[in-house]
Visitor: 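Dropping the structure in here first, questions after.
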Amino acid sequence: MWPDRRLIDLFKTEFPIVLAPMAGVMDAELVIAAAQGGALGSLPCAMISAEKAREQVGLIRQRVKAPVNMNFFCHTPVELTAEAEARWKQRLAGYYTEHGLDPAAPIAAANRAPFDAAFCEVVEELKPEVVSFHFGLPEQALLKRVKAAGCLVISSATTVKEAVWLEQRGVDAIIAQGAEAGGHRGMFLTDKIAEQPGTFALVPQVVDAVKVPVIACGGIADGRGIAAAFALGASGVQIGSAYLRCPESKVTAGGRKALAEAGDESTVITNVMTGRPARGVQNRLMREAGPVSPDAPPFPHAATALGPLKAAAEKQGRVDFTNLWAGQAVALGREVPAAELTRDLAKSALACMKALAG
């Protein structure tokens, strides 16, 4: 019934829907539920240890026989200079004073590590059906090992140039990430945030430029969005924000309240949360220090000094310093179990396509 079955056949899932990997707000529980509903479940591994990843994949394998996607960042780490750290701490000093925190106290560094040889060994051991990358691809030697382990490889492109670059390096499918998408921009051949195309403009141009299946991502949160993606030539969709309010997600009570109250104008692209452009629900820090600030140190170091502030505010039920990543269609999210939501999305999309063909 789907007009393009390439992604279903490639991933061997019931539906051409990929649960977006959302680091920090989900774990195996949401992956399992989405997979039970017929989607490809994605486990975000950028903020967890190799041992934790093994444990999480083990839990998934025990509960479902569906394919698994392990997702990794592959950015090039940048050292934090003393000057950049001092400038950022100075910018945050007032918030520390307000919350009774000592700005000189030692803080654990933000954990967002790129894919490396140690994690490649985990992939070779666990053999997930799919491995996805954000911010390009890892070095060629590691990529060859991932493919040799029998894993399909996918990655995000935010421009046609990035999509062509990914196809030339052998990816099996490309996620076309429009500017509407929540979370970090997957951009890796450009740093010009103002030039990032939206999903409606990006998807058909990527489809025309590559031969591999294209997964539309950004502003897709219901059946209408999925049907539109297929009309643009996509073979499937990646959806994240629509799942944030599912009971299986790990979003805090304060975060759930902010998501429930969010509208079409609630999200912005910011660098103040991590040091790299990402779209999320606007909070106090984004409004007062950003949304884009030259004072934010490079990724992921901006997040380090925010740790104590985030914890202090969340204890009071506030998300003033919490990176609540979400896309522009966040208001379409619902509080329903993830398996049920997945089936509803697929059913609604097929009904939309049937009506349009009618």
Visitor: Between Asp295 (side chain) and Trp88 (backbone), is there a donor-acceptor pair under 3.5 Å?
Guide: no
Visitor: Treating Gln56 as the side-chain partner and Ala28 as the backbone partner, does any N or O pair qualify as donor plus acceptor under 3.5 Å?
Guide: yes
Visitor: Look only at the side chain of Glu162 and the backbone of Thr158, and say whether a donor-acceptor pair between them is shorter than 3.5 Å.
Guide: yes
Visitor: Applying a strict under-4.5 Å side-chain criterion to I, L, V, M, F, W and Y, I'd like to know whether Leu356 and Met1 cluster together.
Guide: no
Visitor: Run the side-chain contact (heavy atoms from CB on, under 4.5 Å) test on Val153 and Arg169 for me, step by step, so that the C-alpha distance in whole Å, both residues' side-chain angles and the decisive distance to 0.1 Å come before the verdict.
Guide: CA-CA 10 Å; Val153 173; Arg169 282 151 184 81; over 6 Å; no
Visitor: Distance check, rounded to the nearest 0.5 Å: Ile154 atom CD1 versus Leu10 atom CG?
Guide: 8.5 Å
Visitor: Assert yes or no for the condition that the ring centre distance of Phe299 to Phe135 is strictly below 6.0 Å.
Guide: yes
Visitor: Rounded to the nearest 0.5 Å, what separates atom CZ in Arg256 from atom SG in Cys246?
Guide: 8.0 Å
Visitor: Using modelled atom types and a 3.5 Å cut-off, is there a donor and acceptor pairing between side-chain atoms of Ser241 and backbone atoms of Val330?
Guide: no
Visitor: Kindly indicate, with the supporting measurements, whether the criterion side-chain contact (heavy atoms from CB on, under 4.5 Å) is fulfilled by Glu85 and Thr304.
Guide: CA-CA 10 Å; Glu85 183 179 24; Thr304 299; over 6 Å; no
Visitor: To the closest 0.5 Å, what do you measure between CZ (Arg63) and CD1 (Ile32)?
Guide: 4.5 Å
Visitor: Of all heavy-atom pairs between Arg112 and Ala303, which one has the smallest distance, and what is that distance?
Guide: NH1-CB, 3.5 Å
Visitor: Could you walk me through whether Trp2 and Met353 pass the side-chain contact (heavy atoms from CB on, under 4.5 Å) check?
Guide: CA-CA 9 Å; Trp2 295 94; Met353 286 187 262; 3.4 Å; yes
Visitor: Could you list the residues that satisfy ring pair (Phe, Tyr, Trp, His ring centres under 6.0 Å) with Trp325, not counting sequence neighbours?
Guide: His184
Visitor: Would you say Glu180's side chain and Thr199's backbone share a donor-acceptor pair under 3.5 angstrom?
Guide: yes
Visitor: What's the verdict on salt bridge (Lys or Arg N to Asp or Glu O under 4.0 Å) for Lys347 and Glu14, showing C-alpha distance, side-chain angles and the deciding distance?
Guide: CA-CA 12 Å; Lys347 181 180 178 182; Glu14 185 178 356; over 6 Å; no
Visitor: Is any NZ, NE, NH1 or NH2 atom of the basic residue among Asp172 and Lys147 found under 4.0 Å from an Asp or Glu carboxylate oxygen of the other?
Guide: yes
Visitor: Please name the pair of heavy atoms, one in Leu30 and one in Leu19, separated by the smallest distance, quoted to 0.1 Å.
Guide: O-CD2, 3.8 Å
Visitor: Report yes or no: does Glu167 contribute a side-chain atom to a donor-acceptor pair with the main-chain N or O of Val212 at less than 3.5 Å?
Guide: yes
Visitor: Determine whether Phe11 and Ile215 satisfy the following criterion, side-chain contact (heavy atoms from CB on, under 4.5 Å), listing intermediate values before the conclusion.
Guide: CA-CA 12 Å; Phe11 292 158; Ile215 302 163; 4.2 Å; yes
Visitor: Determine yes or no for a side-chain-to-main-chain donor-acceptor pair under 3.5 angstrom, with Thr342 supplying the side chain and Gly38 the backbone.
Guide: no
Visitor: How far does CE of Met70 sit from SG of Cys151, to the nearest 0.5 angstrom?
Guide: 9.0 Å
Visitor: With a 4.5 Å cut-off on side-chain heavy-atom distances among I, L, V, M, F, W and Y, is there a chain of contacts connecting Ile193 to Leu202?
Guide: no
Visitor: Are Val25 and Ser249 side-chain neighbours, meaning at least one heavy-atom pair lies under 4.5 Å?
Guide: no
Visitor: Is the shortest heavy-atom distance from the side chain of Ile175 to the side chain of His134 under 4.5 Å?
Guide: no
Visitor: Go through it in stages, so that I can follow the logic: the residues are Asn71 and Ser42, the test is side-chain hydrogen bond (donor to acceptor under 3.5 Å, both in side chains), and I'd like the CA-CA distance, side-chain angles, deciding distance and then a yes or no.
Guide: CA-CA 7 Å; Asn71 172 259; Ser42 305; over 6 Å; no
Visitor: As a quick check of understanding, evaluate salt bridge (Lys or Arg N to Asp or Glu O under 4.0 Å) for Glu51 and Arg54, giving each step before the final call.
Guide: CA-CA 5 Å; Glu51 196 50 51; Arg54 284 191 185 92; 3.4 Å; yes
Visitor: How about CZ on Phe200, more than 12 heavy atoms from neighbouring residues, nucleotides or ligands closer than 6.0 Å, or not?
Guide: no
Visitor: CD of Gln90: more than 12 outside heavy atoms within 6.0 angstrom?
Guide: no
Visitor: Considering all heavy atoms of both residues, which atom of Ile239 and which atom of Ile17 are nearest to each other, and what is their separation?
Guide: CD1-CG2, 4.4 Å
Visitor: Enter the distance from Asp222:CG to Arg224:CZ here, rounded to the nearest 0.5 Å.
Guide: 4.0 Å
Visitor: Heavy-atom distance under 4.5 Å between the side chains of Arg334 and Asp344, does that happen here?
Guide: yes
Visitor: Between Val272 and Ala289, which heavy-atom pair has the shortest distance, and what is it?
Guide: CG1-O, 3.7 Å
Visitor: Which heavy-atom pair separates Asn271 from Ser293 by the least distance, and what is that distance?
Guide: OD1-N, 2.8 Å
Visitor: Which heavy-atom pair separates Ala176 from Val203 by the least distance, and what is that distance?
Guide: CB-CG2, 4.1 Å
Visitor: Please check if the side chain of Asn323 supplies one atom and the backbone of Gly280 the other of a donor-acceptor pair under 3.5 Å.
Guide: no
Visitor: Scan Lys310, Arg284, Glu314 and name whichever one has a side-chain hydrogen bond (donor to acceptor under 3.5 Å, both in side chains) with Thr322.
Guide: Glu314
Visitor: Side chains of Arg343 and Phe15: does their closest heavy-atom pair fall under 4.5 Å?
Guide: yes
Visitor: Using modelled atom types only, decide if a donor and an acceptor are shared between the side chain of Arg145 and the backbone of Ala141 within a distance under 3.5 Å.
Guide: no
Visitor: Check for me, please, whether Leu341 and Val64 land in the same ILVMFWY cluster - side-chain distances under 4.5 Å, paths through other members count.
Guide: yes
Visitor: Any donor-acceptor pair under 3.5 Å linking the side chain of His301 with the backbone of Ala84?
Guide: no
Visitor: Could you check if a side-chain atom of Gln177 sits within less than 4.5 angstrom of a side-chain atom of Gln238, using non-hydrogen atoms only?
Guide: no
Visitor: Linking I/L/V/M/F/W/Y whenever any side-chain heavy atoms sit under 4.5 Å apart, do Val171 and Phe133 land together?
Guide: yes
Visitor: In terms of the angle between their ring planes, are Phe115 and Phe119 parallel, tilted or perpendicular, with boundaries placed at 30° and 60°?
Guide: parallel
Visitor: Within a radius of less than 6.0 Å around CD of Gln316, do more than 12 heavy atoms belonging to other residues, nucleotides or ligands occur?
Guide: yes
Visitor: Rounded at 0.5 Å granularity, tell me how far CG in Asn283 sits from CG in Leu324.
Guide: 8.5 Å
Visitor: Does atom CD of Glu83 have more than 12 heavy-atom neighbours from other groups under 6.0 Å away?
Guide: no
Visitor: Is any side-chain heavy atom of Leu166 closer than 4.5 Å to a side-chain heavy atom of Phe188?
Guide: yes
Visitor: Is any side-chain N of the basic residue among Lys250 and Glu29 closer than 4.0 Å to the acidic one's carboxylate O?
Guide: yes
